[in-house]
Amino acid sequence: MQQITLKGRTIVEGLCTAKTLVSATPLSFLGGVDPTNGKIIEKNHNLYGKTIKNKVLCFPHGHGSTVGSYILYSLARKNLAPKAIINQTADPVVVVGAIIAEIPMIDQIDIKKIKTGDIIEVDAYNGVVRILNRTKS
Amino acid sequence: MYLTKEEERLYDGEYGWANQTCMKILVRLGELFNASKLIPIESAHISGVSYKTLGDAPVEFLQALANADGKAKVKATLNPQSFDPDYFSKKLPEHICKKQLNILEQFEKMGCIMSLTCTPYNIEKPRQGSHLAWAESSAVVHANSVLGAWTNRQGGPSALASAIIGKTPDYGMHRAENRQPNILVDVETALKNEAEFGALGIFLGKILGDNIPLIQGLRDVSDEKLKQLGAALATTGMTNMFHHNTRLKRKEMEKVSVEAKDLEKTVESLSTTLNAKPDLVFVGCPHCSINEIREIARLVDCEKVKAETEFWVCTSRYIKEKAKEEIKKIEKWGGHVLADMCTIVSWTEMLGINTIMTNSAKTAYYAPTLNKAETIFAPLKHCLKTISEG
């Protein structure tokens, strides 16, 4: 029995353990996340209505306006931000957002291997993600 | 990425939180795009100024930076805000005006120049070959393609970080090898006016990806027409630069032909209504140059009665000061020459504007979503004719 470990690249350093929220599609923070409550409001998004607060938010990459970076900062100030961000491919909007909001972030992770509700440990000092509630035999 | 001793100290926070945060933004973006180092910039141009597009969230970050002594080290100009205070202050709710003012105050504290224009190059041209960190996609394409300056397409936050550090990572358009054309565009039809230059940009942006085109067959070219082409190119595509009418053809390139029917279809697609009566006729996206103001003043006939339709000409405050006589003539004719603002990031729907006629392909493309308005796309002369005929 072995824990599932995924190796990626550190964007913003940090360490946390939390439940995941996984999006199969890209996410825009401007217009896609309500800055007053941290809920996903992008129409037709598979996570519509879900809150990103205190989750490890996993999505392929960001899209949309660079104002999105500021939204992440504002969410963090109101304690509505995700605990960590995991991307397949980091894009400038999310990278800048995670830096100014001081949210641990790793990219180059195959997020298809992570399921919503998994408990994962994000070691964004070493660029490593460990899925704690599942083991591979 | 290589950092000097001084840059490392900034990164480690020895010069405070504002410098550290900005340094982190530049270094991480640099690493993302394989930059080797930071290079000094001549100027930064910052987007994300209009309260309408920003909303409430960004103000907190701007305030934090300003309060932590974030100060621009190089010339830092600003994109337009959401209204011209001289014209709108009584037409808009007070809380909106206050919030917009608060955003401007934060930028002012950080030492930004209150240029409030998308054409900072009409105030002062960047030097040829100089490195810039400009946001505002239309200005980026114009700087790279027409002015010979070098800049990536920055976002609002990274342009601000570059202003405060005075540097930018050296990837992308800052390297000569990335500025060569890699696709040949043959324009097989004569473009008749500035609107058709814009339509060409909309058409090409959709098919070019992030390729750099060498556009051949453009005739009767002016900086103003190329401004329309570049603004539209950046609206629908990722292209940051075009070359035009140069004979240098160093290698075999993929070729794309643009025929008359391609252009006609694009022009048609930029009008959403057949209604010939707009609530607003708008020129000045991107902001009018002094030549364009003169052209409009020449075309408006003072004998005509004051028009019923709202007519806006947007430009920078700097140009407005330079063209007082021309502006008097346009205003006498019934037009409003507005400064500091951009129609597509302003509150047109609050003023009851449902149909916008414009010669700007960029505005025609964005107005249905950003202004919830129908569009009529036509060249300047046609726009003016519509006003005078009522």
Side-chain angles (χ1 to χ4, degrees), chain A residues 8-14 28-39 41-43 52 61-81 85 87-108 124-125 127, chain B residues 11 13 17-18 20-35 46-65 68 70 79 103 106 133 135-137 152-162 164 168-169 171-172 238 345 366 369-370:
Chain A
R9 173 175 68 167
T10 296
I11 304 283
V12 179
E13 292 168 341
S28 165
F29 284 90
L30 176 69
V33 178
D34 186 335
T36 65
N37 60 23
K39 282 188 179 162
I41 50 169
E42 197 167 326
K43 275 182 194 152
I52 63 174
H61 56 83
H63 73 110
S65 165
T66 54
V67 173
S69 311
Y70 295 133
I71 306 267
L72 269 167
Y73 178 84
S74 176
L75 286 166
R77 288 288 297 264
K78 299 191 187 88
N79 295 318
L80 295 170
I85 291 173
N87 274 180
Q88 198 103 33
T89 318
D91 76 286
V93 178
V94 181
V95 169
V96 172
I99 292 167
I100 64 180
E102 296 173 9
I103 301 169
M105 176 173 174
I106 298 176
D107 83 330
Q108 297 178 356
Y125 291 102
Chain B
Y11 189 89
W17 175 81
Q20 184 180 29
T21 303
C22 292
M23 200 60 193
K24 275 190 182 169
I25 291 174
L26 299 184
V27 171
R28 289 292 148 85
L29 285 181
E31 284 168 353
L32 204 61
F33 296 109
N34 298 317
I46 300 158
S47 66
V49 179
S50 160
Y51 174 57
K52 193 189 178 199
T53 45
L54 282 175
D56 290 310
V59 181
E60 298 168 28
F61 180 67
L62 297 176
Q63 249 160 359
L65 267 190
N79 236 17
I103 292 168
Q106 306 314 319
E136 172 47 41
S137 60
N152 284 318
R153 189 191 295 199
Q154 300 287 344
S158 62
L160 180 57
S162 284
I164 287 172
T168 193
Y171 65 90
M238 288 307 297
V345 301
Y366 278 127
T369 46
L370 292 179

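Below, chains carry the letters A, B, ... as their sequence lines are ordered, and counting in each starts from 1.
Heavy atoms closer than 4.5 Å to chain B are found nowhere in L75(A), neither backbone nor side chain. Within the 4.5 angstrom heavy-atom criterion, atoms from both the backbone and the side chain of I71(A) approach chain B. Heavy atoms closer than 4.5 Å to chain A are found nowhere in L26(B), neither backbone nor side chain. With a 4.5 angstrom heavy-atom cutoff, L65(B) does not touch chain A via any of its atoms.
Contact tally against chain B (heavy-atom pairs below 4.5 Å) for V96(A), I100(A), V95(A): the top residue is I100(A).
Taken from CG in L30(A) to OG1 in T53(B), the straight-line distance is 8.0 Å, to the nearest 0.5 Å.
Residues M105(A) and R28(B) have side chains not in contact (no heavy-atom distance under 4.5 Å, counting atoms from C-beta outward). The side-chain heavy atoms of T10(A) and E31(B), taken from C-beta on, include no pair separated by under 4.5 Å. Taking the side chain as every heavy atom from C-beta outward, P58(B) and V67(A) approach each other to under 4.5 Å.
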key: Derivation and outcome, side-chain contact (heavy atoms from CB on, under 4.5 Å), residues R153(B) and T66(A)   = CA-CA 11 Å; R153(B) 189 191 295 199; T66(A) 54; over 6 Å; no

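Taking the six-membered ring where the residue is Trp, Y73(A) and W17(B) present tilted rings, their angle falling between 30° and 60°.
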